[in-house]
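Reading through the structure tokens given below for one structure.
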Amino acid sequence: MSTDSALADGVREALAVPHEEFAARAEEEAELVKQGLHDGAFDNHQSIVGFEYEFYAVADGRWSEESRAGEYALMRVPRRLLELMGFEKELGLHNAEMSTSPQPLSDHGLRAQLEEVRARLEAAENTAAVEGMRLVSDGIWTIPPTGETACDYLTDSVEVDGITVAVNMSDAVRYHAMANAGSDEGRGTVVEAPGVSLPADTVMPESLITSIQPHYQVAQAETLPEHFRYALRIAAPLLALGVNSPFFPPELYDDDWDAERVLSEGATENRIHVFESVLNARTDADKVRFPKDLWDLETAVDRIATDETLIPMPEPEGTDRFDDAFATFRTKHGSYWRWVRPVFEGASRSSANARIEFRPIAAQPTVRDSIAFQAAFAGLMQSLPQRDHPVIDLDWETARSNFYAAVADGLDATIEWVGHDGRETTDTDALYTDLFDHAEAGLRTAGCPEAEAAAWLAPLRWRVANRTTPASWKRDRVRDRLDAGDDFETAVHDTQREYIDRQAETLIDGGFSAWANGD
């Protein structure tokens, strides 16, 4: 990350934009979006899927002494390497992000998503290996860079021409601007999670976490509010299946949290706590949250346009994009932090779309498991509205409570569900039988043959049948190591190393179920 005056100048430019001017511009452009929705500009002839996939880099010991074999310490990714890999930079210097090309929701479309991720990731891994590093798909890292502590890596900052700059953060102006906005007393942030309270001058601690984000473009924009309400009801069950961040770097735990307390009281999905606490500390309202129901498109647009502005960015320079007509509104999407969010954009009129981004799921052990979540989400978005599934009548408050129960306990959480027969249940098997049956039905409706529809969801059905998630896998191994006499730090770090070793064999072509089956 560059700490020169150019970055500081960019931060000052962003901070100099009047909030009122930025807000007025966004609200004015929101009317253009509403008109486009009314005119059908965001409609498509069929449902379309997309995917975002985040990774972090670790040293794999191929070449340098500092990246000793098998230790898998966090590693910074050279910016030139990201360009060679065709990946995008994310918050931390150790992060890399991939976005797939949108595809029609069908068996061929899902297969195209899977093969694109595999092809690009394999090429990226080959490129990264030359630098003695490996990309890891995981919810949270626990081993800091060699010779550094996790606390120092996450909180290190310098003053550049009067601007606070996070040393290990990429050169994205808006993230650095957050550390410099507001009064001196109101600056700074903190990670708050069960057992952890880490203050920092910048939002760099958010870089602890990585995620996958399935996208579902609705065929007709007018149906987005109904799809959105269904998405809120399935958020908890899908999150419970995907929990993958049960441990922080051990040094970050408070003094009165020993190993036993972490195992008994710690959350299974700390990624949710990290994202909410770090970014909400910089806002008056909780910008990162489980969102309210949507009932019409105008409300969806207005919520984005009027969402609290943390950093009013300068007016974007025009290009030839269709959505340059509402470029400021589009910019607000970037800080409209909700666990499920609507998006309205498009580089051209033909690609303009109204979509739902599903953001609660941590990065998963293998590509196959990650795409299983995309298939499940898309299948449910296809099927539940078509079949008027009664879970849409589940109280919003209950849906929200379900969500945070899944954060705490994963598949052990008590989740309230309404089955296809209209009966309420908290039975895990009944819930997921109904969920997967409808996801499969949605995939078949979209053109997947019966066997292929079942195959896309098989990795998730296995998790329910075996009551095993990536988080429970990690917890079990930490428990085993503690019972064998390891201290907590060693148990967490060696479990992390085992995770990465297993992933090295299965990330691109295997599945998580093989980890538990001993294959």
Side-chain angles (χ1 to χ4, degrees), residues 1-19 21-23 56 74-79 82 88-95 97 141 144-145 147-193 196-210 248-249 251-252 273-288 307-316 331-332 334-337:
M1 195 228 42
S2 173
T3 57
D4 60 19
S5 58
L7 177 58
D9 288 344
V11 172
R12 270 191 292 270
E13 182 183 2
L15 296 175
V17 176
H19 278 251
E21 175 185 306
F22 181 84
Y56 62 78
L74 198 71
M75 194 170 183
R76 299 165 178 85
V77 184
R79 299 299 91 180
L82 277 182
E88 303 166 19
K89 61 188 176 183
E90 246 293 331
L91 182 68
L93 291 181
H94 56 277
N95 292 130
E97 182 180 45
W141 55 266
E148 300 177 63
T149 67
C151 181
D152 288 345
Y153 180 79
L154 292 167
T155 62
D156 193 11
S157 63
V158 296
E159 292 292 320
V160 179
D161 299 335
I163 298 295
T164 300
V165 174
V167 172
N168 296 305
M169 188 157 38
S170 67
D171 56 359
V173 167
R174 69 186 181 116
Y175 285 121
H176 289 281
M178 292 179 194
N180 296 275
S183 63
D184 291 341
E185 297 78 13
R187 295 181 183 179
T189 188
V190 62
V191 174
E192 290 184 340
V196 173
S197 180
L198 174 69
D201 292 332
T202 74
V203 297
M204 178 63 189
E206 188 208 329
S207 71
L208 275 164
I209 56 176
T210 45
F248 284 92
E251 70 177 85
L252 297 186
H273 291 299
V274 171
F275 197 50
E276 288 189 347
S277 60
V278 169
L279 294 175
N280 287 345
R282 299 295 298 120
T283 60
D284 294 330
D286 288 343
K287 282 174 68 71
V288 185
D307 189 51
E308 180 183 355
T309 298
L310 186 55
I311 300 297
M313 298 297 291
E315 187 168 5
T331 297
K332 291 212 69 170
S335 62
Y336 184 69
W337 296 308

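The analysis underlying the following values was restricted to heavy atoms, covering all of them including side chains, and did not include hydrogens, waters or symmetry mates.
The side-chain hydrogen bond (donor to acceptor under 3.5 Å, both in side chains) search around Glu192 returns none, not counting sequence neighbours. The side-chain contact (heavy atoms from CB on, under 4.5 Å) search around Thr189 returns Ala200, Val278, Ala281, Arg282, not counting sequence neighbours. For Thr164, the side-chain hydrogen bond (donor to acceptor under 3.5 Å, both in side chains) test picks out Glu159, with sequence neighbours left out. Looking at residues two or more places apart in sequence or on another chain, you find no salt bridge (charged side-chain N to carboxylate O under 4.0 Å, His left out) involving Arg174. Partners of Thr309 under the side-chain hydrogen bond (donor to acceptor under 3.5 Å, both in side chains) rule, at least two apart in sequence or in another chain, are Lys332. For Thr149, the side-chain hydrogen bond (donor to acceptor under 3.5 Å, both in side chains) partners at least two apart in sequence or on another chain are Asp152.
Pairing each heavy atom of Ser170 with each of Lys89, the nearest pair is CB-CD, 4.2 Å. Across all non-hydrogen atoms, the minimal contact from Pro205 to Val274 is O-CG1, 3.8 Å. Of all the heavy atoms in Val173 and Ala14, the pair that sits closest is CG1-CB, 4.1 Å. Here the shortest heavy-atom pairing between His19 and Pro312 reads NE2-CD, 3.6 Å.
If you take CG on Leu208 and OH on Tyr56, they are separated by 10.5 Å, rounding to the nearest 0.5 Å. For the atom pair Phe22 CZ and Ile311 CD1, the distance stands at 10.0 Å (nearest 0.5 Å). Between the CD atom of Glu90 and the CG atom of Leu82 there is a distance of 10.5 Å, given to the nearest 0.5 Å. Distance check: Glu276 CD to Asp286 CG gives 7.5 Å after rounding to the nearest 0.5 Å.
Side-chain contact between Leu198 and Phe248 is absent, with no heavy-atom pair separated by less than 4.5 Å. Here the side chains of Pro144 and Leu74 are not in contact, with every heavy-atom distance at 4.5 Å or above. In this structure the side chain of Leu310 never reaches within 4.5 angstrom of the side chain of Ser335, judged on heavy atoms. Within the 4.5 Å cutoff, no side-chain heavy atoms of Leu7 are placed close to those of Val160. A heavy-atom distance below 4.5 Å is not found between the side chains of Arg79 and Asp171. With a 4.5 Å cut-off on side-chain heavy atoms, His176 and Thr202 do not count as touching. The shortest distance between side-chain heavy atoms of Met169 and Ser207 does not fall below 4.5 Å. Counting heavy atoms from C-beta outward, Thr155 and Asp201 have side chains that stay 4.5 Å or more apart.
Of the possible donor and acceptor atoms, one in the side chain of Asn280 sits under 3.5 Å from a partner among the backbone N and O of Val288. In terms of modelled atom types and a separation under 3.5 Å, the side chain of Glu251 and the main chain of Cys151 share a donor-acceptor contact.
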task: Would you sort out whether Leu154 and Leu252 count as a side chain to side chain contact (heavy atoms under 4.5 Å, CB included), showing the intermediate values?
output: CA-CA 11 Å; Leu154 292 167; Leu252 297 186; 4.1 Å; yes
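When each of Glu148, His94, Arg76 is paired with Tyr153, the side chain to side chain donor-acceptor pair (under 3.5 Å) condition holds for His94 and for no other.
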